Each structure stands twice: as structure tokens, then as C-alpha cells.
Amino acid sequence: MLERGADSVEQLLSAAPRLVGLLADAEQLLARVDRLVDRLTALVDATEPALVSLQPTLERLAETTDPREVDSLVGLVDLLPSLAHKMEVDVVPVLDSLSTVAPDVHDLLDVTRELNEMLGAVPGLGRVKKRIDEEQLAEGRG
């Protein structure tokens, strides 16, 4: 029985370097895992308040969003750069110029009203003007 014990001890001693190597590898792996756990803990701690606040919204989105809506949203996001460019290049300059055009439009409306009144005073055009006014009123433009 001692011989058998001696064999076991020899086997254990011969396997010891491998076991030490495995333990060293395990220690390195645990150290890496510990660093990752620390990073993840910090990340979860930092984002937890926002995630808790957003949870009802995210649940509602998950329940009500159709895949086709997601596809549409992706398409819209793809269009945003060109849409923003067109707004900047085409629309915003026109909007900026409206402040200078507004007084001219008001003047044009005043002149149009005056012309309308003068045409109504011309003999024979009063009935035509009245008919046009009635048509515009019926169409909802008057």
C-alpha cells in the first residue's frame, strides 16, 4: 500500500508544475474578469437612473412599434442629411427674405383693394364685381 501511495505522490509531484500553471492562468483570468466586472458595475451604476426613467417608454415602444414603422424611420434617418442641406440652402434663405417681402405684399394687397373699389365704380362693372364677390364668398375665399 505504501508503494501505491508513493506512486500517487510521484504522480502528484510530476503534475504539480501543470497545476501551478493552471492556477496562474486562472489567476490572470480572474484578474481580467474582476476588471471587467468593475467597468460593468460603473457603467450600470451610471446609466441606471436613465434606464429606469426610460423603461416605461421603452416598454410602450416595444409593444406598439411595427417593423414597418422601424423601416420607415430608418428611411427617414437616411434622408436627413439631404433634407437638412435643402433646408439650409433653399428654404432658410427664402424664410429670411420674407421679412423684407412682407411690407411689399401688404402694399400690393392695399393697391388691389383700391383697384377693386375703383372697378366697382365704373358704370356696368358694378354687377360683374358683385357677381365675382358672391362667387368668391360661396367658394370661401371672400
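In this text, all values refer to a predicted model and were calculated from it rather than measured experimentally.
How far CG of Leu79 is from NZ of Lys86: 11.5 Å, rounded to the nearest 0.5 Å. One finds the OG1 atom of Thr112 at 10.5 Å from the CG atom of Asp107 (value rounded to the nearest 0.5 Å). In this structure, NE2 in His106 is found 11.0 Å from CG in Leu108, a value given to the nearest 0.5 Å. The OG1 atom of Thr47 lies 4.5 Å from the CG atom of Leu51; values are rounded to the nearest 0.5 Å. We find the CG-CD distance between Leu137 and Glu134 to be 8.0 Å, quoted to the nearest 0.5 Å. The CG atom of Asp45 sits 10.5 Å away from the CG atom of Leu40 when rounded to the nearest 0.5 Å.
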* Asked: How far apart are the C-alpha atoms of Leu36 and Arg39, what are their side-chain angles, what is the distance that settles it, and do they pass the side-chain contact (heavy atoms from CB on, under 4.5 Å) test?
  -> CA-CA 5 Å; Leu36 285 174; Arg39 288 177 59 198; 4.1 Å; yes
* **Stepwise side-chain contact (heavy atoms from CB on, under 4.5 Å) test for Gln136 and Asp133** => CA-CA 5 Å; Gln136 287 179 346; Asp133 288 343; 4.2 Å; yes
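Hydrophobic clustering (side-chain heavy atoms under 4.5 Å, transitive across Ile, Leu, Val, Met, Phe, Trp, Tyr) keeps Leu30 apart from Val37.
Checked for salt-bridge contact, Asp110 and Arg113 meet the test: a charged N lies under 4.0 Å from a carboxylate O.
For Thr100 against Asp104, the heavy-atom pair with the smallest separation is O-OD2, 3.8 Å.
Crowding of Glu88 atom CD: a count of heavy atoms from other residues, nucleotides or ligands under 6.0 Å not exceeding 12.
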